[in-house]
Q: 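Got a structure for you, questions after.
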Amino acid sequence: MEVFVVGGSSLSHPTTPISVHNYSSSSTPPLSPSLFPNKNNNNNNRRRRLPSAWTKTKSPKLASKGGAFLSPSRRAAIIELQEASDLASSLSRLEGTIQAQGLNIVLRHFGELRRWKDVIQLFDWMQKHGKVNVASYSSFIKYMGKSLNPMKALEVYNGIQDDSIRRNVSVCNSILGCMIKNGKFESSIKLFDQMKKDGLTPDVVTYSTLLSGCIKVKDGFSKATRLIRELESNGLEMDSVIYGTVLAICASHKLCEEAEMYFQKMKDRGCSPNLFHYSSLLNAYSVDGNQMKADELIEDMKSAGLLPNKVILTTLLKVYVRGGLFEKSRKLLAELQALGHAEDEMPYCLLMDGLAKEGHISEAKAIFDEMKAKGVKSDGYSYSIMISAYCRSELLEEAKQLAKDYEDNYDKYDLVMLNTLLRAYCNTGEMENVMEMLKKMDKLAISPDWNTFHILVKYFCKEKYYQLAYRTVEDMHNKGHPLDEELCSSLILQLAHVGESLKAFSVYNMLRYSKRNLSNSLHERMLKILVSAKHLKEAYVVMKDNAELISGSSLAKFMMSFMKLGNINMINDVVKAFHSSGHRVGAKWVYLPRIGRIRDDGFSVTKQFKVTLMDMGDGHSEKPESRFKPKAGPHNSLTFSPPLSFWKEVFCLAVTRYVSLPEKKELLLHLLQWMSGQGYILDSTSRNLLLKNSRMFGQHLIAEAISKQFAASKNLRIQGTKR
DNA sequence: TTAGGGTTAG
């Protein structure tokens, strides 16, 4: 199919190297510059006491700053390097003039200007010429973290030979921060443990760095608690920065009470909260839309002399929206507009999303239109919210129209936007547009994520492109995304329905691999599919691993089919596996026995009584199936093995197969021997069949095997009656 | 003399 080529190539786009790109690709569009430009107004204990000249200018021309302590020739060298059009030749010309200290100034200059190539080139040169010190390492590693190049940072860190540099606290903090910025929290914790073993003495900055990684990780709060405990046991104290981070951790993990607790603790310790601390706590209140507490907090903030700024008011809007207070929200939005704080789409997005999620979709659209009419520029968020809202409400045409509108007017795509558009086009069955989105993803080197795959598989299933759906699931699995059970179960059924049972089995296996707790019924469904498609070898695998989760009747059908049609070389294995699975679990073989009927059985039944030999005597009046009963519930404790008549039939079929293939004599004798060992004996029909054909197998051997069976059964019977 | 932070949207 034509489609396949495009979709296939798109999705099998080579994965980008570990971690580095994966994080960058999921990043949101660039945000507006800091809303708190005058950071130094925070009266909290700033770590660095920089000369006032350093803090005033944020000019990249650092030569003027560090240059105060440098000789004129070195100052000139720094300026020349900063402005060099050919860095390499300037470096070789100035080699004798400039040392590590001056070069570090140039390195930081390039770093602040995000001239990553120059940073790397300069640092390489510095290393080659032995002009590096601790400061060079920590700055360089920091910038590699900022440029999303943690691999380079690690390469340099691992290459440090001098132990005193390797365990220098700045260098360590730098590499830990670099890894955390790039989403490698777990690895950074491991590295931190190793560093401590190697002699690092962590300081407040180390803990603050590690704590910042807890904001976005699962279970971040308990990880943070551990770090704080360690910090305190090392005699260190939490500072304003650390409180800010911890409050953000509480908010991102929806832990409102914990946030309040830390906020109070901070005040009690004489540390006055700044706007960041207030906004984190406010954000925690937005979790359950606690408007009362939010309003109180704003008052508290005002009386502490802090004016609510744009972010605080926007966060307050979030509290109102989450609390379902839409009228109050509208008023606050008007206030934001009046203050000039509604020039980007964020407050509109908050309100729209809240309205849409409460089902007020046309009111959400009205906000969207108002925003557009006001000429507020969009980074795609508002479109994404509206398109998703339409999709959720099954207003598919509207979703598609808005998607097209976005595409016609914007040329900005990230993964979320692409997924949103993809979903809109998939829902309306716009194949051309779907393919267009996939091409775009390819072109922009944006790797598909779980959502992308999920949208596509669902779409392909709906359109009955089962092969494509299958290939996409395979791709998804190979890229390490967990599979969705519901979607895969339906694909399994559909594949089976179009005669692709082996592909269905493959999906089943991928699903089993990626998901621990599958619903019990899936195994049975898979077994049924494979049995009816006569893929008995595969069915055997399903049976062997999941016998306890499959109903007796399905197992029985499988066994009968295998005995009749399965690979003759595997018959004994299947019988044994079935026997031992009954032994092992038997949980689904619920049988309400009439004890008088059953004498000995070979399986453990309950703790109260145990029977040891089954009587294969003829004359069972019940049909095999009638004695398989579904599990009645946890209190119906008589879990049981298959009834005797079932085994009778199994052995009869097995013997019939062997009789038809005398060259499998060894296997037949092996089965008979095994049966004796387990206390199973043949019924009269099978016995007669065997005796009739015993010539082919060697009369002597058959007679011997049958008499052994009798002997075994007698012994066991005697034991049974003694008990 | 180099290392840390926290607030709002899909």
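Basis for what follows: all heavy atoms, side chains included, without hydrogens, waters or symmetry-related copies. Letters go in sequence order (proteins before strands), and every chain restarts at 1.
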Q: In whole angstroms, how far is the P atom of B:dT2 from the CZ atom of A:F123?
A: 15 Å
Q: Using the rule side chain to side chain contact (heavy atoms under 4.5 Å, CB included), only one of A:I228, A:I242, A:I249 pairs with A:Y262; which is it?
A: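 That would be A:I228.
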Q: Rounding to a whole Å, what distance do you find between A:M371:CE and B:dG10:C1'?
A: 12 Å
Q: Mind checking A:T209 for me? I need base, sugar-phosphate or nothing, with any heavy atom below 4.0 Å counting as a touch.
A: sugar-phosphate
Q: Sorted by first residue and then second, give each salt bridge (charged side-chain N to carboxylate O under 4.0 Å, His left out) pair with at least one member in residues 245-259 of chain A; sequence neighbours left out.
A: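 Matches after skipping sequence neighbours: none remain.
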Q: So A:Y137 and A:N168, side-chain hydrogen bond (donor to acceptor under 3.5 Å, both in side chains) or not? Walk me through it.
A: CA-CA 10 Å; A:Y137 280 109; A:N168 172 281; over 6 Å; no
Q: Given B:dT2, B:dA9, B:dG5, which nucleotide is nearest the side-chain atoms of A:K318?
A: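 Side chain of A:K318 sits closest to B:dA9.
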Q: Given atom CD of A:E112 and atom C1' of B:dA3, what is their separation to the nearest angstrom?
A: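 Taking CD of A:E112 and C1' of B:dA3, I get 13 Å after rounding.
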Q: So does A:K142 get a side-chain nitrogen or oxygen closer than 4.0 Å to the phosphate oxygens (OP1/OP2) of B:dT2?
A: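 Checking A:K142 against B:dT2: no side-chain N or O falls below 4.0 Å of OP1 or OP2.
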Q: A:N133 near the nucleic acid: base, sugar-phosphate alone, or nothing, with a heavy-atom cut-off under 4.0 Å?
A: sugar-phosphate
Q: Indicate yes or no: does A:E343 engage A:K310 in a salt bridge with an N to O separation below 4.0 Å.
A: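 Looking at A:K310 together with A:E343, the answer is no, because their closest N to O distance does not fall below 4.0 Å.
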Q: Heavy-atom contacts under 4.0 Å between residues 210-221 of chain A and DNA chain B, which residues?
A: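 Within this stretch, A:S212, A:I215 sit under 4.0 Å of the strand.
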Q: With the side chain of A:S280 defined as its heavy atoms from C-beta on, choose the nearest nucleotide among B:dG10, B:dT2, B:dG6.
A: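 For the A:S280 side chain, the nearest candidate turns out to be B:dG6.
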Q: Salt bridge check: are A:E370 and A:R330 linked by an N-O gap of less than 4.0 Å?
A: no
Q: Where the side chain of A:S384 is concerned, which of B:dT8, B:dG10, B:dG4 is the nearest nucleotide?
A: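 Closest nucleotide among those given: B:dG10.
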Q: The side chain of A:T315 lies closest to which of these nucleotides: B:dG10, B:dT8, B:dA3?
A: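 Per side-chain heavy atoms of A:T315, the pick is B:dT8.
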Q: Tell me if the centroids of the rings in A:F368 and A:Y383 come within less than 6.0 Å of each other.
A: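 That pair passes the under 6.0 Å test.
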Q: Would you please confirm or rule out a distance under 4.0 Å between OP1 or OP2 of B:dG6 and any side-chain N or O of A:N274?
A: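 For B:dG6, neither OP1 nor OP2 has a side-chain N or O of A:N274 closer than 4.0 Å.
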Q: Check the distance between B:dT1's P and A:L103's CG and give it to me in whole angstrom.
A: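 It works out to 12 Å between those atoms.
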Q: So what does A:V204 hit on the nucleic acid, given a heavy-atom distance under 4.0 Å: a base, only sugar-phosphate, or nothing?
A: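 Base: the residue A:V204, judged by heavy atoms under 4.0 Å, touches a nucleobase.
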Q: From the set B:dT7, B:dA3, B:dT1, return the single nucleotide nearest to any side-chain atom of A:Q101.
A: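 Looking only at heavy atoms from C-beta outward on A:Q101, the closest nucleotide is B:dT1.
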Q: Would you please confirm or rule out a distance under 4.0 Å between OP1 or OP2 of B:dT8 and any side-chain N or O of A:N283?
A: yes
Q: Is A:D239 side chain donor-acceptor paired with the B:dG5 base, going by distance under 3.5 Å alone?
A: no
Q: Mind calculating the distance between CG (A:L281) and C1' (B:dT8) to the nearest angstrom?
A: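 Computing the A:L281:CG to B:dT8:C1' distance gives 15 Å.
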Q: Heavy atoms under 4.0 Å, any strand shown: does A:M352 hit a base, just sugar-phosphate, or nothing?
A: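 No contact.
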Q: Using the side-chain heavy atoms of A:Y381, tell me which of these nucleotides is nearest: B:dA9, B:dT7, B:dT1.
A: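 The listed nucleotide nearest to A:Y381's side chain is B:dA9.
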Q: Please tell me which of the listed nucleotides, B:dT8, B:dG6, B:dG4, lies nearest to the side chain of A:V311?
A: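 Among B:dT8, B:dG6, B:dG4, the one nearest the side chain of A:V311 is B:dT8.
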Q: Is A:D288 salt-bridged to A:K293, cutoff N-O under 4.0 Å?
A: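 Result for this pair is no, no salt bridge flagged.
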Q: So what does A:L350 touch, heavy atoms closer than 4.0 Å: a base, only the sugar-phosphate, or nothing?
A: sugar-phosphate
Q: Out of A:R166, A:M195, A:M144, A:K142, which one pairs with A:I175 under the side chain to side chain contact (heavy atoms under 4.5 Å, CB included) rule?
A: A:M195
Q: Has A:Y143 got a side-chain atom pairing as donor or acceptor with A:R114's backbone, closer than 3.5 angstrom?
A: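 Judged by distance alone, no pair lies under 3.5 Å.
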Q: Where the side chain of A:K357 is defined as all heavy atoms beyond and including C-beta, which of B:dG10, B:dT8, B:dG5 is the nearest nucleotide?
A: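 Among the listed nucleotides, the one closest to the side chain of A:K357 is B:dG10.
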Q: I need the CZ-C1' distance between A:F276 and B:dG6, as an integer number of Å.
A: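 Roughly 6 Å, once rounded to whole Å.
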Q: Could you check how far CG of A:L227 sits from P of B:dG5, rounded to whole Å?
A: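 One finds 15 Å between P of B:dG5 and CG of A:L227, rounded.
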Q: Output the rounded distance in Å from CG (A:L333) to P (B:dA9).
A: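 A:L333 atom CG is separated from B:dA9 atom P by 15 Å.
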